[in-house]
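Counting starts at 1 for both ligands and their atoms, in listed order.
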Amino acid sequence: MSLFFVGQSSADPAHTPGGPCIQDDQNVSRSSVANYDDVVKSLAQIERTSKGMVTVESAGQSGEGRELLYATIGEGEDVFWLQARIHGGELHSTEAALQVLKYLTGGSPDAKLIRENLTVAVIPMYNPDGAEANIRQSTTPNRIDLNRDWENFAQPESRAFYDVWESLRPRLALDLHHMSSAPRVEGTDDLNQFQIGARSIDPSRMTAEQWLTNRQMAMVSVDALDKYGLANVAHYPLIDITNAALSRMLMGGTAPAGEQPVLQSPTKGAIFYEVRSVGQKSNGQLERLFTIPTMAVLTAAADGSLASYDISGYPGIPFATQGPCGEV
Ligand SMILES: [Zn+2]
């Protein structure tokens with residue numbers, strides 16, 4: 001079964017430096033992109049046809065009352081957390097997460113290996129209200145960035161998924177995003193198509209094991225994209241965002257009101273991807289920019305190669321030019 005590895009994968013043809021890219025006010029057709037109802041239906045179908053391998057549960061309800069659905073698959077002790085669309089307007093990550101889940105129900109050797117060695121928790125739409133409104137933030141009771149809410153836990157989505165994190169105790173986490181800035185790979189005229197985010201907080205705030213694991217996850221991802229010639233890759237800017245979900249998974253130390261904080265985090269690696277949503281690319285191409293590296297990291301975690309993966313290439317990953325997309 002070849003859900004992802006179909007067709008010729010190739011880097012973009014010639015393009016204008018710094019573009020093309022979706023602008024905030026651009027009316028992008030969402031008709032072919034999974035909405036909340038599609039997620040509900042897809043998860044139900046995957047669960048039904050999985051012969052008991054997939055369990056779909058709700059973490060709770062969104063501000064507008066939508067079920068916060070997630071699926072688990074696998075028998076392994078180590079839990080791998082795969083999260084998509086915490087920013088509602090970042091369209092293709094949902095479909096990519098669903099494709100990974102469906103692939104893991106199949107009979108391929110890597111799917112079997114992953115099921116044997118890991119339990120994968122898939123959250124295809126962390127922010128369904130924002131997804132339906134096609135905005136980055138949640139909608140109600142607060143219109144806020146859910147990826148800055150793992151300190152205050154002002155939103156029910158944050159409290160619900162925190163509780164799932166605390167109960168599943170994932171060893172590794174991967175968070176799927178789109179980007180709208182940083183148009184060029186520095187020193188080139190190449191469109192920056194994929195940013196790797198191995199550090200949502202400064203490495204000095206991680207344990208040595210976490211920082212090593214994050215770079216190993218990053219290099220497995222980058223090498224997988226490189227192998228298939230899929231994208232021009234850049235390093236995400238150096239940030240230190242304490243209240244992002246991934247950051248708090250690494251650091252622990254916070255909990256919603258009335259709950260005990262986790263002091264020793266179970267999470268040994270937590271990274272994110274940013275894929276450029278270029279309208280001219282097909283949905284399938286955009287989804288592969290997520291699924292190829294995601295499957296590579298899952299496989300490396302399952303077969304144990306992640307723990308000894310060579311990170312010598314990490315410092316050589318170029319950064320991108322800054323500024324809004326379209327500005328050269
Ligand atoms: Zn995002």
Test your reading of the model: is there a side-chain donor-acceptor pair from Glu90 to the backbone of His178, 3.5 Å cut-off? yes
May I have the step-by-step check of ring-ring contact (aromatic ring centres under 6.0 Å, His included) for Tyr314 and Trp211, ending in yes or no? CA-CA 12 Å; Tyr314 181 81; Trp211 177 225; 5.7 Å; yes
Under 4.0 Å between a side-chain nitrogen and a carboxylate oxygen: does that hold for Arg85 and Glu157? no
So, Glu90 and the Zn ion (ligand 1): N/O/S under 2.8 Å, yes or no? yes
Any N/O/S atom of His178 sitting less than 2.8 Å from the Zn ion (ligand 1), backbone or side chain? no
Evaluate the ring planes of His177 and Phe272, with Trp represented by its six-membered ring, and classify them as parallel (under 30°), tilted (30 to 60°) or perpendicular (over 60°). perpendicular
With the Zn ion (ligand 1) at the apex, how many degrees lie between ND1 of His177 and ND1 of His87, rounded to 10 degrees? 100°
